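Let me begin by presenting the structure, written as structure tokens, before commenting on it.
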Amino acid sequence: MSGFFAFFKKECVSQKRTYKWLVLGLVFLLFGILNPLAAKFLPDILGSILPGSLASAIPESVALDSWQQFFKNSTQMGLLLLAILFSGQMSREYTQGTLLPLLTRGLSRTSVVFAKFAAAAASWTVAYFLSFGVTYLYTLYFWPDTTFTWQLFLSVCGVWEFGLFILALALLGGIAFRNSYGALLLTGGIIIVLFLLAAIPAINEWNPVVLVSQNLGLIQNSVACGTFLAAGGITAALTLLALMGACILFKRQQL
């Protein structure tokens, strides 16, 4: 266990030196600020440039528009940025040969895998919930009648869990292919397959992509909480399987 914490600390320092935490934090902070601002002022901007008949047809902005922007930015650009930033965390170790001295001194390969995942997950968690907190405060400011509901909490946590799933896939791909391109290819390929499987109604409610595609539906009560919980359980299982697969592959590799 001491090896895990030591390597976890090393990963946190590495993220600081490579500015991963700074880039991730600043981008998600920007998302948090822009989400409610875009929802609040975009109708006014469009109304000022469109003809009168079209401008009058633009509905007044509501708090739900802010959350629509939040989920759009988080699930599209946010998750893409996350995958890109952490796709090369294993390839760098292979090219620089930094793991061999540590492993020969007793550091277990399982500790390496889980410490890398934990450090990346910590950065993702801080950045994502920073964005959520800023969005919520600004939304509350512009729409004082905003309420924090169980559906909103579940929807927000769904995107966070899907981000952990992406980190696990990127780690598995990095170990399997030993480069960042392979990590991105594996991660993107699996996500594309999951979106294609979403077209099958019989298994759709168990599909992890529910966590990043049905967020507004959950808030509006058009999607059942049970559907989200089922998809969340499958996503957690797949995340664990990806980490176990990464550990098995890593133990069989020669550095």
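Position 1 is the first residue of the sequence; numbering continues from there. For clarity, every value in this text was computed on a predicted model and none was experimentally measured.
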Quiz prompt | In one Ile/Leu/Val/Met/Phe/Trp/Tyr side-chain cluster, 4.5 Å: Ile192, Leu81 | solution = no
Quiz item: Can you name the nearest heavy-atom pair linking Ile166 to Ala83, along with the distance?
Solution: CG2-CB, 3.9 Å
Quiz prompt | Separation between CG of Leu184 and CG of Leu80, rounded to the nearest 0.5 Å | solution = 8.5 Å
Quiz item: Does Ser222 reach the main-chain N or O of Gly217 with its side chain, forming a donor-acceptor pair under 3.5 Å?
Solution: yes
Practice problem: Would you check, one step at a time, whether the test side-chain contact (heavy atoms from CB on, under 4.5 Å) holds for Tyr94 with Ile175? | Solution: CA-CA 9 Å; Tyr94 289 122; Ile175 292 175; 3.8 Å; yes
Quiz item: Honestly curious: do Phe28 and Phe129 fall in one hydrophobic cluster under the side-chain, below-4.5 Å linking rule?
Solution: yes
Practice problem: For residues Phe177 and Tyr181, determine if any side-chain heavy atom of one lies less than 4.5 Å from a side-chain heavy atom of the other. | Solution: no
Self-check item: Minimum-distance pair of heavy atoms, taken over all atoms of Cys247 and Thr110
Solution: SG-CG2, 4.0 Å
Practice problem: Rounded to the nearest 0.5 Å, what's the gap from CG on Leu240 to CG on Leu164? Could you check? | Solution: 12.0 Å
Quiz prompt | Leu211 versus Gly232, closest heavy-atom pair with distance | solution = CD2-N, 4.0 Å
Quiz item: When you measure from the side chain of Arg109 to the backbone N and O of Gln253, does any donor-acceptor pair fall under 3.5 Å?
Solution: yes
Quiz item: Does CE in Met77 sit with more than 12 non-hydrogen atoms of other residues, nucleotides or ligands closer than 6.0 Å?
Solution: yes
Exercise. Report yes if some heavy atom in the side chain of Phe153 is under 4.5 Å from a heavy atom in the side chain of Phe132; otherwise report no.
Key: no
Quiz item: Any sub-3.5 Å donor-acceptor pair from Lys116's side-chain atoms to Gln89's backbone N or O?
Solution: yes
Practice problem: Start with the C-alpha gap between Glu93 and Lys10, add the side-chain angles, then the distance that decides, and say whether salt bridge (Lys or Arg N to Asp or Glu O under 4.0 Å) holds. | Solution: CA-CA 12 Å; Glu93 303 285 3; Lys10 175 258 183 190; 2.6 Å; yes
Quiz item: With a 4.5 Å heavy-atom cut-off, do Val134 and Phe31 have their side chains touching?
Solution: no
Quiz item: Taking all non-hydrogen atoms of both residues, which atom of Phe228 and which atom of Gly158 are closest, and how far apart?
Solution: CE2-CA, 4.2 Å
Quiz prompt | Working for side-chain contact (heavy atoms from CB on, under 4.5 Å), residues Val62 and Trp67 | solution = CA-CA 9 Å; Val62 294; Trp67 293 118; over 6 Å; no
Quiz item: Mind checking whether Phe165 and Leu169 have side chains closer than 4.5 Å, heavy atoms only?
Solution: yes
Quiz prompt | Row check, Trp143 ring normal vs Lys40 NZ/CZ: under 6.0 Å, within 45° | solution = yes
Quiz item: Looking at residues at least two apart in the chain, or sitting in another chain, which of them share a ring-ring contact (aromatic ring centres under 6.0 Å, His included) with Phe142?
Solution: Phe41
Quiz item: Got a sec: does the NZ of Lys72 have more than 12 other heavy atoms crowding it under 6.0 Å?
Solution: no
Practice problem: Verify, without hydrogens or angle tests, whether Asn207 (side chain) and Ile203 (backbone) share a donor-acceptor contact under 3.5 angstrom. | Solution: no
Quiz item: Checking side-chain contact (heavy atoms from CB on, under 4.5 Å) for the pair Leu167/Thr239: CA distance, chi angles, key distance, verdict?
Solution: CA-CA 9 Å; Leu167 290 175; Thr239 301; over 6 Å; no
Exercise. Could you please spell out the steps behind the side-chain contact (heavy atoms from CB on, under 4.5 Å) verdict for Leu172 and Met244?
Key: CA-CA 9 Å; Leu172 174 62; Met244 292 174 60; over 6 Å; no
Quiz item: Does some side-chain heavy atom of Asn215 sit less than 4.5 Å from a side-chain heavy atom of Ile219?
Solution: no
Quiz item: What is the distance from atom CZ of Phe250 to atom OG of Ser108, rounded to the nearest 0.5 Å?
Solution: 9.5 Å
Exercise. Report the distance from atom CG of Asp65 to atom OG1 of Thr139, rounding to the nearest 0.5 Å.
Key: 10.0 Å
Quiz item: Closest heavy-atom contact between Leu107 and Gly3?
Solution: CD1-O, 3.5 Å
Quiz item: Is the side chain of Glu161 donor-acceptor paired with the backbone N or O of Ala236 at a distance under 3.5 Å, no angle test?
Solution: yes
Practice problem: Would you kindly confirm whether Leu216 and Leu152 end up in one hydrophobic cluster when ILVMFWY residues are joined by side chain heavy atoms under 4.5 Å apart? | Solution: yes
Quiz item: Are a donor atom and an acceptor atom from the side chains of Ser87 and Ser180 found within less than 3.5 Å of each other?
Solution: no
Quiz item: Can we call the ring centroids of Tyr141 and Tyr138 under 6.0 Å apart?
Solution: no
Quiz prompt | Note, Gln151 side chain near Cys225 side chain (heavy atom, < 4.5 Å) | solution = yes
Exercise. Step through it carefully: locate the ring centre of Phe114, locate the ring centre of Phe4, and say whether they are under 6.0 Å apart.
Key: no
Exercise. Could you tell me whether a side-chain N or O of Thr95 sits under 3.5 Å from a main-chain N or O of Ser91, the two making a donor and an acceptor?
Key: yes
Quiz item: Do Thr235 side-chain atoms and Ala231 backbone N/O form a donor-acceptor pair below 3.5 Å?
Solution: yes
Quiz item: What pairs meet the side-chain hydrogen bond (donor to acceptor under 3.5 Å, both in side chains) rule with one or both residues in residues 123-135, with sequence neighbours excluded?
Solution: Gln15-Ser123, Asn35-Thr135, Thr125-Trp160
Quiz item: Taking a hydrophobic cluster as the set of Ile, Leu, Val, Met, Phe, Trp and Tyr residues connected by side-chain heavy atoms closer than 4.5 Å, whether directly or through intermediates, do Leu154 and Trp206 fall within one such cluster?
Solution: yes
Self-check item: Smallest separation among heavy atoms of Leu171 and Val113, with atom names
Solution: CD2-O, 3.4 Å
Quiz item: Same hydrophobic cluster for Val23 and Val13, using side-chain heavy-atom links shorter than 4.5 Å among ILVMFWY?
Solution: no
Quiz item: Rounded to the nearest 0.5 Å, how far does CG of Leu79 lie from CD1 of Ile84?
Solution: 11.0 Å
Quiz item: Between Ser74 and Phe70, is there a donor-acceptor pair closer than 3.5 Å when you use the side chain of the first and the backbone of the second?
Solution: yes
Quiz item: Hey, are the side chains of Gln214 and Val209 touching, using non-hydrogen atoms and a 4.5 Å cut-off?
Solution: no
Quiz item: Do Leu218 and Val210 have side-chain heavy atoms sitting under 4.5 Å apart?
Solution: no
